[in-house]
Amino acid sequence: MSITSAKTGATGISLALENNYMEPIASVLVGAGTAAEIVFDEIPQNYRHLQIRAIGQVTLSSDPGGSGGCGVNFNKDFGPNYTRHELGGPGGGTVAPYAIADLSGGALQRFPFRQTNDNIYGVAIGDILDYSNSTKFKTLKNIGGFDKNSASGVTGDVYMNSFLWRSTAPISTISLTTGVWNWKQHSRISLYGIKG
Amino acid sequence: MAAKTGTFTLIANNTLGSATSSVTFSSIPQTYTDLRLVINCGTSTNGDGIFIRFNGDTSSIYSDTGLWGTGSSASTGRHVAATGAALSIATGGSTTASSMIALVDFIDYSNTTTYKSFISRAGNATSTASYPATEITVGMRSSTSAITSFTVLCASNIVVGSTFELYGIEAAK
């Protein structure tokens, strides 16, 4: 049996969207200057899942035109308790799978480093499922990337990414860092709660 | 933490009563943080891509990078200096409106300082094994203009019964 909205006729995912299944929790827009770290703390525990929506550029000067992910840590845990997998590519026909264990943080993929053109930002959406339970290890999955409309150098990147945090603790804090670099002005990261 | 101030809001929807090569959403409110477009469509020619243009701009300032799989192999590919960015590189299933579904997110669409990018996740119930069955695409228009309208288009026709729904997503203030 399908359930249909009496208001718009929406079904399935459209019906879920229409019924406000997602609520904004917090949002950070990097202002003049830069930000070394964006932290969401005191995260409410009354949602089923969390979603992170991001647009950003990283001010890495040693690799202009390159790209990478931002670091993600839960509950200020910077120990080797994260395992990450990703699948992606630069649009050149090669798909690059990657996996590494015992990292000191997860990642949200994927953002351009300092660009010749300052207006090019990467975008990413990440979901953290059942973040408030106290019996399971926590997983974040995300998709994201950027395109530079350029035929040379690092032209673009698109990624599917996931990581495991080997802790059963409910997630109450999320830190998004860019190593020794910074989030550039106009980067924005927003956190949402998804109802069960 | 900031107080809750918003949520998903349906801005507009369109169920095609006749086949057409393009669908336009105009006068998009600038009051949200992100947009989400939900597409469920078929194309009259098997394998045609679905593309998007912003603000009526047909110049060659669009690009996209995609990652897709057919069930037997995975690939990435790009369009550069194009007149539209791909939401789905190839839509299979031909004449059925339910052959492709795509969720397209436009992040920070109303700012006037960054080029505008989107992420599209598409799945095709394709009848042709060589066409992408699942794909992710990141596209960009090389302009800092806020997105006030966009047109979804296809080289052939988008079939009767195809649906398009546009939502606004508000971040916490």
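Side-chain atoms are counted along with the backbone in the values below, which use heavy atoms only and exclude waters and symmetry mates. Letters A, B, ... mirror the listed sequences (proteins, then strands); counts begin at 1. None of the values given here were measured: they were computed from a predicted structure.
In terms of heavy atoms, A:Phe146 sits closest to B:Thr65 at O-OG1, 4.1 Å. Minimum interatomic distance between A:Asn149 and B:Ser60 (heavy atoms only, all atoms of both residues): ND2-O, 4.4 Å. Across B:Ser63 and A:Lys148, no two heavy atoms sit closer than the pair OG-C, 4.3 Å.
One finds the CZ atom of B:Arg141 at 15.0 Å from the CG atom of A:Asp147 (value rounded to the nearest 0.5 Å). Separation of atoms OH (B:Tyr115) and CG (A:Asn119) is listed at 5.0 Å; rounding is to 0.5 Å. Distance check: A:Arg188 CZ to B:Thr114 OG1 gives 10.0 Å after rounding to the nearest 0.5 Å. Atoms OG and CG, on A:Ser190 and B:Asp34 in that order, are 6.5 Å from each other to the nearest 0.5 Å. With rounding to the nearest 0.5 Å, the separation of CG in B:Asn111 from CG in A:Leu29 is 8.5 Å. The structure places CG of B:Leu67 at 10.0 Å from CD1 of A:Ile143, a figure rounded to the nearest 0.5 Å.
Highest contact tally toward chain B, considering only A:Gly144, A:Gly193, A:Gly145, is held by A:Gly145 [criterion: heavy-atom pairs under 4.5 Å]. Counting heavy-atom pairs under 4.5 Å between each of B:Gly77, B:Ser73, B:Ser75 and chain A puts B:Gly77 at the top.
Shown here is A:Arg166, whose CZ atom has more than 12 heavy atoms of other residues, nucleotides or ligands within 6.0 Å.
Inter-residue side-chain proximity for A:Met22 and B:Arg36 is flagged as unmet; no heavy-atom pair is nearer than 4.5 Å. Contact check for A:Thr155 versus B:Val80: no side-chain heavy atoms found under the 4.5 Å cut-off. At a threshold of 4.5 Å between non-hydrogen side-chain atoms, the residues B:Ile107 and A:Tyr121 do not count as touching.
Residues B:Phe51 and B:Phe164 do not share a hydrophobic cluster, clusters being chains of Ile/Leu/Val/Met/Phe/Trp/Tyr side chains in contact below 4.5 Å.
B:Thr76 pairs with exactly one of A:Val95, A:Leu87, A:Asp157 by the side-chain contact (heavy atoms from CB on, under 4.5 Å) rule, that one being A:Val95. The one candidate from B:Thr137, B:Ile119, B:Asp64, B:Ile136 that meets the side-chain contact (heavy atoms from CB on, under 4.5 Å) condition with A:Val158 is B:Ile136.
Proximity to chain B (any heavy atom under 4.5 Å) is shown, for A:Asp118, by neither the backbone nor the side chain. For chain A, the nearby part of B:Thr33 is the side chain; its heavy atoms alone come within less than 4.5 Å. Only the side chain of B:Asp108 comes within contact range of chain A, with at least one heavy atom under 4.5 Å from a heavy atom of that chain. Looking at B:Thr144, the atoms closer than 4.5 Å to chain A (heavy atoms on both sides) all sit in the side chain, from C-beta outward. Contact of B:Arg121 with chain A is made through the side chain alone, with heavy-atom distances under 4.5 Å. Using a 4.5 Å cut-off between heavy atoms, B:Ser142 contacts chain A through its side chain alone, with no backbone atom that close.
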